[in-house]
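See structure below.
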Amino acid sequence: MKYSIDLKVPSSQAWLDAVMADFDSFLQDHADCERKASAMATSLIAKYPDRQRIIPPMIETAIEELEHFQQVFALMQRRGVNLQTEMKEDPYIKQLMPLTHGGTPESRFMSRLLLGSVVECRGCERFKLVSEAQQDNELKRFYKALWTSEAKHGNIFVELALAYFDEKAVYTRLHEMMEFEGAIIENLPIRAALH
Ligand SMILES: [Fe+2]
Ligand SMILES: [Fe+2]
């Protein structure tokens, strides 16, 4: 069942060209993103231990993201690519964070869940583009499997928000957040990275 909404702004060809031109750098950044996505799911549990409904799916999501990290890392090892030694700040995530500030504790909880969906939906769109552009069969298959998994995650966060909040409030906020995300994506410096 689809709960997530469509992105407002598609990723540019310039972004895809930059990724395809330096795929090793993209893999290094991608590995970091998966590890951070796993940490994000467990941090939601740490922040909201009383929200029983989110705990099992967030544990499951954290495990799946960690498995993605394991898979990207294995792929990198086969290709002789090392992990990045310096963790650069993700400009995309940094610019999205204000979406979870301000308001009431309840609205922050909703925004935190919905931000999870927004980020997953962008990841899903970009992995699909990478999968379609890849000539290497192993990478093509890998990114295809990943985009279907991230699409599932994009739905889980909205489904959880709907378990706690009114449908109209959830979708009004989700549309606002997607607009905000679209403006960030349009102005993000182009690099061989997931964002
Ligand atoms: Fe993932
Ligand atoms: Fe994901």
Side-chain angles (χ1 to χ4, degrees), residues 1-7 10-11 15-16 19 23-48 53-79 81 83-84 87-88 90 92-94 96-97 99-100 110-134 138-163 174 177-178 181 184-185 191-195:
M1 170 109 184
K2 183 170 158 71
Y3 296 101
S4 63
I5 64 168
D6 293 339
L7 298 167
S11 290
W15 168 79
L16 187 58
V19 167
F23 210 76
D24 287 356
S25 294
F26 175 74
L27 284 171
Q28 288 180 315
D29 178 72
H30 176 193
D32 281 349
C33 288
E34 296 292 1
R35 185 181 46 71
K36 288 182 207 160
S38 179
M40 204 276 264
T42 49
S43 80
L44 265 175
I45 300 171
K47 241 182 240 326
Y48 300 105
R53 179 81 172 75
I54 74 165
I55 296 172
M58 284 302 101
I59 294 173
E60 202 181 305
T61 302
I63 292 170
E64 286 176 8
E65 302 294 18
L66 204 57
E67 279 171 359
H68 294 168
F69 176 56
Q70 185 179 45
Q71 290 161 5
V72 184
F73 182 62
L75 214 142
M76 287 167 73
Q77 281 193 305
R78 287 199 292 279
R79 285 161 192 265
V81 181
L83 287 174
Q84 245 161 182
M87 298 298 162
K88 289 177 226 122
D90 187 326
Y92 170 75
I93 299 294
K94 189 181 175 206
L96 284 170
M97 286 322 286
L99 285 172
T100 63
M110 179 165 77
S111 295
R112 281 200 178 101
L113 289 174
L114 297 180
L115 184 61
S117 176
V118 170
V119 173
E120 292 289 343
C121 288
R122 180 62 66 185
C124 171
E125 182 231 18
R126 291 195 156 186
F127 290 151
K128 187 166 191 275
L129 290 171
V130 166
S131 167
E132 285 164 1
Q134 260 300 340
E138 183 191 37
L139 291 172
K140 203 178 189 58
R141 268 199 310 275
F142 178 59
Y143 280 96
K144 187 175 181 194
L146 273 191
W147 77 255
T148 53
S149 172
E150 311 303 8
K152 184 184 84 178
H153 296 159
N155 286 318
I156 286 171
F157 285 103
V158 182
E159 190 181 4
L160 291 177
L162 290 168
L174 190 52
M177 292 174 78
M178 276 296 196
E181 193 267 356
I184 292 171
I185 277 290
R191 35 180 217 139
L194 183 55
H195 307 121

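Order of appearance sets the numbers: ligands from 1, and atoms from 1 within every ligand. Throughout, numbering of the chain's residues begins at 1 and tracks the sequence.
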May I have the step-by-step check of side chain to side chain donor-acceptor pair (under 3.5 Å) for Ser4 and Glu120, ending in yes or no? CA-CA 10 Å; Ser4 63; Glu120 292 289 343; over 6 Å; no
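In this structure, Glu138 pairs ionically with Arg78, as a charged nitrogen and a carboxylate oxygen lie closer than 4.0 Å. Salt-bridge formation is not detected for the pair Lys128/Glu125: no Lys NZ or Arg NE/NH1/NH2 atom is positioned less than 4.0 Å from an Asp or Glu carboxylate oxygen.
Looking at residues two or more places apart in sequence or on another chain, you find a side-chain contact (heavy atoms from CB on, under 4.5 Å) between Ser25 and Asp22, Gln28, Ala192.
Using modelled atom types and a 3.5 Å distance limit, the side chains of Arg112 and Thr100 yield no donor-acceptor pair. Side-chain contact annotation: His68 with Gln71, donor-acceptor N/O pair under 3.5 Å absent.
Listed by chain and number, the protein atoms of type N/O/S under 2.8 Å from the Fe ion (ligand 1) are Glu34 OE1, Glu65 OE1, His68 ND1, Glu150 OE2; waters are omitted.
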